[in-house]
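Below you'll find the structure, written out as structure tokens, and then a few comments.
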Amino acid sequence: MPTALVAGGAGFLGSHLVDKLIDEGWRVLAIDNLITGDWSNLDHQPDVVRIEADVSRPLTIDEAIDGVFHLASPASPVDFARIPFEILHAGSIATERLLELAIAKNARFLFASTSEVYGDPLVHPQSETYWGNVNPIGVRAVYDEAKRFGEATTMAFARYRSADVRIVRIFNTYGERMRLGDGRVVPNFVGQALRGEPLTVYGDGLQTRSFCYAKDLIDGIYRLFQSGCAEPVNIGNPTEHTILEFAKAVQRLTGSQSPIVHREFVTPDDPKQRRPDIAKAKSILGWEPATSLDDGLKRTIEDFQKRISRAQP
Ligand code: UDP
């Protein structure tokens, strides 16, 4: 039975990756500092070894490891001002430490990068060959530049230290177990609609995003890990919506009477458009998303409904 170390294993995507690895017959060690993760995300996985630790600090793991998955990072724009240094360290120091660990264990390493490496893109849709348009001193830079640094570190370890690496560029993803107070658009709109509060659209709502259901994304990440591709691959859903259209979809699927209101942007430099070009994932991994927005949102709404009623009996 191969062993995986999942950094960020108690988080939203980390916990879905743990589920996939368990299904595929792996033994899993989940590491998390619980800054945004929660062990309750793994309560249904009693065999997972839980390690509470910060992967940007020195780390000793005594046993053999076959795969190191680095998904440890806060990712919500509302966290960029709240915990900026933790985010910088997650992409930089932690990436280097986990790569050193992977080399010491002779394990394959996967870095969870992001569509944010493309910044506010001037090329649309975004393919892996686009170098991006990131403001290096903006509020979003703590995340965007840390992930860019993480990619550079990962490639340097591949080139000069013979590390066996994979890099996934994750586009907007949603699904069960997103934090209720996460601050990103899906948990905000779904939570607001279920509580009967107004849906807060930032700006005019004409900015676009392309939303991928978490299980589809994890399937793509696992295929990438198993593949021979050592360069970045976009994984995301190429169906693009304006945020206003998305708010209306949430209203429709929740049956909520909540009105839509417009608010100021929480972070400057909010990307105006984002859609992955997934030609590479299709040809190399044979992957494309399988879940429609309506189906994925219905499952997400059901999960949020349960957790909200548990929190407010
Ligand atoms: N957004 C919004 N209302 C919210 C939260 C987010 O209109 O309550 C917008 C945000 O300005 C952005 C998009 O939704 O244009 C996606 O934001 P999110 O924070 O989910 O992630 P991002 O793609 O910006 O990293």
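Order of appearance sets the numbers: ligands from 1, and atoms from 1 within every ligand. One is the number of the first residue; the rest follow in order along the sequence.
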Legend entry - Heavy-atom nearest option to atom 21 (O) of ligand 1, drawn from Asn172, Val261, Thr114: Asn172
Inset, instruction - Assess whether atom CD of Glu231 is packed by more than 12 heavy atoms of other residues, nucleotides or ligands within 6.0 Å. - result: no
Legend entry - Arg209 charged N/C atom sitting above Phe246 aromatic ring, 6.0 Å / 45°: no
Legend entry - Close approach of Arg263 to ligand 1, heavy atoms, under 4.0 angstrom: no
Legend entry - Matching residue for His124 among Glu240, Arg274, Lys272 - test: side-chain hydrogen bond (donor to acceptor under 3.5 Å, both in side chains): Glu240
Inset, instruction - With heavy atoms only and a cut-off of under 4.0 Å, state how Arg140 meets ligand 1: side chain, backbone, both or neither. - result: side chain
Inset, instruction - May I ask you to check if Arg140 and Tyr143 form a cation-pi contact, with NZ or CZ under 6.0 angstrom from the six-membered ring centre and within 45° of the axis? - result: no
Inset, instruction - Over all heavy atoms of both residues, which pair between Phe12 and Gly175 is shortest? Give the atoms and the distance, please. - result: CZ-N, 3.6 Å
Inset, instruction - Considering heavy atoms of the protein only, find what lies nearest to atom 3 (N) of ligand 1 and give residue, atom and distance to 0.1 Å. - result: Thr200 O, 2.6 Å
Inset, instruction - Decide whether an N or O pair under 3.5 Å exists between Val185 and ligand 1. - result: yes
Legend entry - Under 3.5 Å: N/O of Arg209 near N/O of ligand 1: yes
Inset, instruction - Measure the distances from the heavy atoms of Arg274 to every atom of ligand 1 and state whether one is below 4.0 angstrom. - result: yes
Legend entry - Modelled atom types, side-chain donor and acceptor of Asp269 and Asn135, under 3.5 Å: yes
Legend entry - Tyr202-ligand 1 polar pair, N/O distance under 3.5 Å: yes
Legend entry - Contact with ligand 1 for Phe189, non-hydrogen, under 4.0 angstrom: yes
